[in-house]
Amino acid sequence: MVNSKSIWQAPYRPLFFLAGLWALVVPLVWILPEEIALERVSWHSSELLFGMAGAAVGGYLLTVLPAWTKRGPVPPAVTIIASSLWCTARLTAAFSMHFPHLASVIGASAYFVFLAAVLAVALLKAAAWHRLWAPLGAAALGISAALSNVYGLNSIGSPWGIYSLLITAIGGRAVPAFTRHWLVRTGTQTPFRDRPAFSYLAILGILAAICIRGAIQNISGYLLMLSGAVLLLQMASWQSLKAARYPALFILHIAFAWMPAALILNGVAIIFPAQFPPLAALHAMTMGAMGTMIAAFMMRSASVRNGERLILSRPTTCAFRLLSVSALLRVFGDGMSAAYFEPVVAAAVCWMAAWALFMMVFVQAMSRHVPRPVFSAASRNQAYGKRESDVRPYLQNTANRCAVGRPINEA
């Protein structure tokens with residue numbers, strides 16, 4: 001059983017729960033009969049971008065905030081307010097026609113405004129100037145949510161650009177850091193270079209493409225393709241194939257690899273829309289890069305810690321595979337349409353099955369003590385707040401049931 005008080009012990013717990021729940025529920029509009037489902041395209045796009053992804057981003061940023069500021073944990077009241085505002089935004093989106101216009105705009109954006117304010121105040125007090133991209137990203141999502149409520153998501157374009165910047169900034173630092181530490185701890189003698197300047201160059205390219213897209217379409221397409229190529233060069237020395245021996249690390253490599261692929265595909269779709277559909281390229285960014293990266297970090301928070309090793313259970317491994325299949329179906333499925341096969345429905349079923357498996361594991365993980373740190377492996381004492389002798393039998397039994405691949409240490 002999950003103790004109601006334990007839910008608020010860390011921001012990621014309620015917000016990741018809401019993200020996973022919403023990721024499971026929203027695609028139902030593609031399965032339910034059209035006459036009883038909400039407006040499919042705009043509602044499901046908005047709710048996955050601002051609802052599911054918004055909760056995941058908030059859960060991640062508020063959870064890592066104490067490590068950035070060195071000022072202690074985020075108070076439970078902040079987590080409760082953030083979760084409540086997120087729920088208010090979902091109700092506002094569902095019943096916006098019944099609210100005054102100003103109330104709808106405030107309800108849609110209040111969660112991101114609150115998130116940006118909390119992050120900005122904490123980072124400014126700690127003089128962590130190099131982290132101010134986090135509140136700026138949250139504020140940009142709040143503005144995008146407000147504008148989408150006024151003009152509609154299709155009128156302003158989806159906020160994929162903001163998420164692509166966040167994924168590049170977060171994943172571009174976390175994936176090589178985890179990999180380098182793992183290589184050192186396992187004594188793997190292999191060359192490793194991060195080259196973070198490539199991430200910064202890709203971010204500049206994405207920003208430039210966003211700024212000029214409305215004026216010079218072809219140039220923005222080439223900028224996106226160049227940014228994707230730069231990220232591929234950055235990943236070239238990350239030893240991704242060697243990381244395949246450690247599933248908890250390898251899924252991060254797979255998730256981040258979707259980003260350069262999505263940037264290149266979106267660039268191709270802008271320049272040659274007849275050869276590659278823009279909608280398919282957009283799903284490479286949202287379901288591929290965004291969906292898998294969110295899932296990879298959320299799965300790490302729910303993994304069992306055995307010393308300095310994260311253990312992916314069979315359900316979470318299966319869930320990540322289903323998410324990857326779902327993204328591939330949505331990106332390339334149009335070419336496989338047949339009388340008895342609907343790629344959109346098949347992608348939705350795979351997506352929902354993946355998140356159902358994840359939720360099963362995550363709910364069980366919330367009954368345990370909050371691991372410290374949350375997103376990387378920790379000692380048994382840190383992870384569970386108990387003596388090593390108290391948790392060894394539990395870890396051994398869990399490892400026997402859930403281990404995937406050979407045991408390998410991680411940072």
Side-chain angles (χ1 to χ4, degrees), residues 12 15-31 41 43-60 137 141 153 158-172 174-175 228 231 250-266 279-302 312 315-333 343-359 361-362 375:
Y12 79 93
L15 290 171
F16 280 8
F17 176 84
L18 292 171
L21 180 64
W22 216 231
L24 172 61
V25 170
V26 170
L28 278 172
V29 296
W30 296 107
I31 298 175
V41 176
W43 185 81
H44 112 275
S45 300
S46 176
E47 287 307 296
L48 286 178
L49 288 168
F50 297 122
M52 172 259 193
V57 167
Y60 173 81
L141 288 172
L153 191 65
S158 66
W160 64 266
I162 303 171
Y163 285 112
S164 67
L165 293 170
L166 290 173
I167 292 170
T168 303
I170 296 171
V175 179
L231 290 182
F250 189 50
I251 62 173
L252 283 175
H253 283 256
I254 295 174
F256 192 81
W258 269 103
M259 178 51 63
L263 290 172
I264 292 171
L265 290 176
N266 274 274
L279 185 60
L282 178 62
H283 280 96
M285 180 66 69
T286 54
M287 293 180 67
M290 188 182 76
T292 57
M293 183 59 75
I294 287 173
F297 273 99
M298 289 170 65
M299 288 173 181
R300 292 176 73 84
S301 71
L312 283 187
T316 51
T317 303
C318 183
F320 191 84
R321 290 171 178 170
L322 284 171
L323 282 176
S324 300
V325 170
S326 175
L328 290 171
L329 283 172
R330 201 63 187 88
V331 175
F332 302 107
V344 174
V345 175
V349 170
C350 289
W351 176 276
M352 292 170 62
W355 286 105
L357 288 171
F358 168 77
M359 289 297 287
V361 174
F362 189 74
F375 299 109

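Because the structure is a prediction, the values reported are computed rather than measured.
Separating the CG atom in Leu141 from the CG atom in Leu49 is a distance of 9.0 Å, to the nearest 0.5 Å. Here the CE atom belonging to Met293 is positioned 6.5 Å from the CD1 atom belonging to Ile167, to the nearest 0.5 angstrom. How far CE of Met359 is from CE of Met298: 7.5 Å, rounded to the nearest 0.5 Å. Rounded to the nearest 0.5 angstrom, Trp351 CH2 and Leu322 CG are separated by 11.5 Å. Put simply, CZ on Arg321 and OG1 on Thr316 are 10.0 Å apart, with the number rounded to the nearest 0.5 Å. Atom CG of Leu328 and atom CE of Met287 lie 9.5 Å apart (nearest 0.5 Å).
When all heavy atoms are compared, the tightest approach of Leu48 to Ala23 is CD2-CA, 4.3 Å. The minimum heavy-atom distance linking Ala284 with Leu265 is given by the pair CB-CD1, 3.9 Å. Pro315 approaches Val361 most closely through the heavy-atom pair CB-CG2, 3.7 Å. Smallest separation of non-hydrogen atoms from Ala56 and Phe16: O-CE1, 3.4 Å. In terms of heavy atoms, Val325 sits closest to Cys350 at CG1-SG, 4.1 Å. Scanning both residues, Met285 and Ser164, for their nearest heavy atoms gives SD-CB, 3.8 Å.
Taking the six-membered ring for Trp, Tyr60 and Phe375 have ring centres closer than 6.0 Å. Between Trp160 and Tyr163, the ring center distance fails the sub-6.0 Å criterion.
Under the 3.5 Å distance criterion, the side-chain polar atoms of Thr292 are matched with a main-chain donor or acceptor of Gly288. Listed for the Trp258 side chain is no donor-acceptor partner under 3.5 Å among the backbone atoms of Met290. Judged purely by atom type and a 3.5 angstrom limit, Thr286 uses its side chain to pair as donor or acceptor with the backbone of Leu282.
Between Phe297 and Leu252 the shortest side-chain heavy-atom distance falls below 4.5 Å. With contacts defined as side-chain heavy-atom distances shorter than 4.5 Å, the pair Phe358/Leu24 does not qualify. At a threshold of 4.5 Å between non-hydrogen side-chain atoms, the residues Ile294 and Met52 count as touching. Using a 4.5 Å cut-off on side-chain heavy atoms (C-beta onward), Phe362 and Met299 make no contact.
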message: Would Leu323 and Trp355 count as a side chain to side chain contact (heavy atoms under 4.5 Å, CB included) here? Give the steps.
response: CA-CA 8 Å; Leu323 282 176; Trp355 286 105; 3.3 Å; yes

